[in-house]
Amino acid sequence: MSTEAQPRDFIRNIIAEDLATNKHDGRLATRFPPEPNGYLHIGHAKSICLNFGVAEEMGGQCHLRFDDTNPIKEETEFIDAIKEDVKWLGFDWGEHEYYASNYFEQLYAWAVQLIKAGKAYVDDLSGEQMRELRGTLTEPGQNSPHRDRSVEENLDLFERMRNGEFKDGEKVLRAKIDMAAPNMNLRDPAMYRILKAHHHRTGDAWCIYPMYDFAHGQSDSIEQITHSICTLEFADHRPLYDWFIEQLGIFAPRQYEFARLNLGYTVMSKRKLQQLVAEKHVSGWDDPRMPTLVGMRRRGFPAKAIRTFCERIGVGKSDSWIDMSVLEDCVREELNEEAPRAMCVLDPLKVVITDYPEGQEEIFSAPIHPQKPEMGQRQIPFSREVYIERDDFMEEPPKKFFRLGPGREVRLRYGYVIKCEEVIYNDAGEVVELRCSHDPATLGAAPEGRKVKGIIHWVSADRALPVEVRQYDRLFNVESPGANKDVDFREEINPESMKVVTRCFGEPGLALASAGEAYQFERLGYFCTDSRDSRPDALVFNRTVTLRDSWAKAK
RNA sequence: UGGGGUGUCGCCAAGCGGUAAGGCAACGGACUCUGACUCCGUCAUGCGUAGGUUCGAAUCCUACCACCCCAGCCA
């Protein structure tokens, strides 16, 4: 066996090869280039883990660069949120925080250089006229009537564009490439447009802004990025970036494209996410049902789980749909390891232990984590009246059900084995209370002469801590929302994606739960206090993910 | 019918001419004071299809088929 780390995907293979052949003097630089016009989602996490991960593993550096070339859509709020999310994921860009807007002056100079070389021209066509002359996928386009303006005129016009002499949309700077190119991106693409808008960083210094296509490749070049990693849809743009770089005679990064992440039963498009927020289908970008990193964080997904997920799904070029179960497994794996255990009854059913003295209380000691004794013990009070989960009792239990039923025995976790002696009904015939006996010899010991397989969670009635629990489920009812062209994706929202349960009872120790802290509610799932709405005197827990439940499957 | 890209188990994904890794899911079983965790099994004579080259092909060649992306003064 080789002791070398094995590359895990085609991009790492390429980089390892480049490093081995000393391609850039052994230098490696990547970058994560978000546009600050929204919050980061799990799809971005894939890119972040790739770019930062590769740099970390292979001795390179990774830049955080904001591609802020469109002042109309971008805001400082998003910049701060993006930085926080990247940090939360566990990555550090160090000194390498950049903005495409920092390069505006250089980009302008390069545009002038291209004009002087006869490779760019100012066009007067409207957007609509440009579209008409662009041709179609199968027919070539036609040259703009302004394509052959003199260098002097173009220089003059472009300067006047910068000086604000024209209105928005009146003129545009275009690259002079080939209107008949089979690649649409090469049909004289726009380089600069007039936008009399306030930019979040450059203020009102500019009224012309470079297009992404004229800024992105050169920004990578300026930063000496060796490997420009982006998603598949930009493969068609690569020839354009290469063209600019070649005309300009500047450092040439190599671009590699990978398939973006698709996750089942959610949406990843920024437009759709924005819509969900704007139309209040969710409570905000950080709604725990959102696939945003802020949402997942609030939901209780550990950053480590998201990184594991990104590793597990791999990096390839084929369009892929990842099953939510992969993410959930990563979350469970991490939380199982870290989360302290506690008992909490979501749908309480009162149980009276008739042969246990009134007013008496015992304190049971239970491990905080059964597999990790070093995490210590917790104290759980027990008394004559307890609450159990309504689901853990059945009047007519099937054979395979080994919880409570009339005349049946079950163990109260970390407590006694109890036996259901009597069922109390209300006038409507609903079960409202159970009368049970207990076996005093079963505390920490197996019952004699019989087996009790069922173990249920419970909470002592007079010490029960009332809490609110929010049970989250998938946001959409269909695996690929919006895929059906005849149905608006908003109609595919799962109306039961959030169930709020207000009268749950937790064990008393839960009162100490701090903001965002994760617990395993035994037999139920992983929960964490809601970072927005939970207060020490009114705890609110979000269900992060349920435990696996083979009983539910068996039913 | 232009250009770019992709097709290996239900979902991802290794593989780079020497006889199909791994994960998730699923299904059995063991263990268990969480029907959890853990553990142990099972799960592609087959790699989009059809030909060809070769002692040997998922890997090379040819043709075909399917799906995704591109006609913003968005990124």
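So that the names make sense, note that chain A is the first sequence line, chain B the second, and so on, each numbered from 1.
A 3.5 Å limit on both hydrogen-bonding distances identifies B:rG5 as the Watson-Crick or G-U partner of B:rC67. Base pairing of B:rU42: its partner is B:rA26, meeting the Watson-Crick or G-U wobble criterion (both donor-acceptor distances under 3.5 Å). Nucleotide B:rA50: paired with B:rU62 (Watson-Crick or G-U wobble, both distances less than 3.5 Å).
For A:Tyr39, the ring pair (Phe, Tyr, Trp, His ring centres under 6.0 Å) test picks out A:Phe78, A:Trp285, with sequence neighbours left out. Taking the side chain to side chain contact (heavy atoms under 4.5 Å, CB included) definition, one finds that A:Thr546 meets it with A:Arg332, A:Arg543, sequence neighbours left out. Among residues two or more places apart in sequence or in another chain, the side-chain hydrogen bond (donor to acceptor under 3.5 Å, both in side chains) test is passed with A:Lys46 by none. With sequence neighbours excluded, the residues forming a ring pair (Phe, Tyr, Trp, His ring centres under 6.0 Å) with A:His41 are A:His44, listed by chain and number.
Nucleotide B:rA75 holds its P atom 16 Å from the CZ atom of A:Phe66, rounded to whole Å. Between A:Asp9 atom CG and B:rC12 atom C1' there is a gap of 13 Å when expressed in whole angstrom units. In this structure, A:Trp321 atom CH2 and B:rC24 atom P are separated by 22 Å, rounded to whole Å. Atom NZ in A:Lys171 sits about 13 Å away from atom C1' in B:rC73, given to the nearest Å. The distance from atom CD of A:Gln142 to atom P of B:rA71 is 19 Å, rounded to the nearest whole Å. Counting to the nearest Å, the P atom of B:rG3 and the CG atom of A:Leu137 are 11 Å from each other.
When the C1' atom is used for both B:rA20 and B:rC33, the distance is 44 Å, rounded to whole Å. With both ends at atom P, the span from B:rU45 to B:rA50 equals 15 Å, rounded to whole Å.
For A:Lys304, the NZ atom sits in a loose shell: 12 or fewer heavy atoms of surrounding residues, nucleotides or ligands are nearer than 6.0 Å. A 6.0 Å sphere centred on CD of A:Glu374 holds more than 12 heavy atoms belonging to other residues, nucleotides or ligands.
Taking only distance into account, the side chain of A:Gln371 never meets the base of B:rU38 through a donor-acceptor pair shorter than 3.5 Å. The base of B:rG72 does not come close enough to the side chain of A:Arg131 for any donor and acceptor atom to sit less than 3.5 Å apart. Remark: the A:Asn183 side chain and the B:rG4 base include no donor-acceptor N/O pair separated by less than 3.5 Å.
B:rG22 shows a glycosidic angle more than 90° from 0 and is accordingly assigned anti.
Here ring pair (Phe, Tyr, Trp, His ring centres under 6.0 Å) pairs that include residues 168-197 of chain A, with residues two or more places apart or in two chains, are A:Phe158-A:Tyr192, A:Tyr192-A:Phe214.
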What string of B, S and - do you get for nucleotides 25-30 of chain B, 5' to 3', when a contact is any protein heavy atom under 4.0 Å?
-> SS----
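Along RNA chain B, the nucleotide nearest to A:Lys270 and the one nearest to A:Met184 differ in position, and the one closer to the 5' end is contacted by A:Met184.
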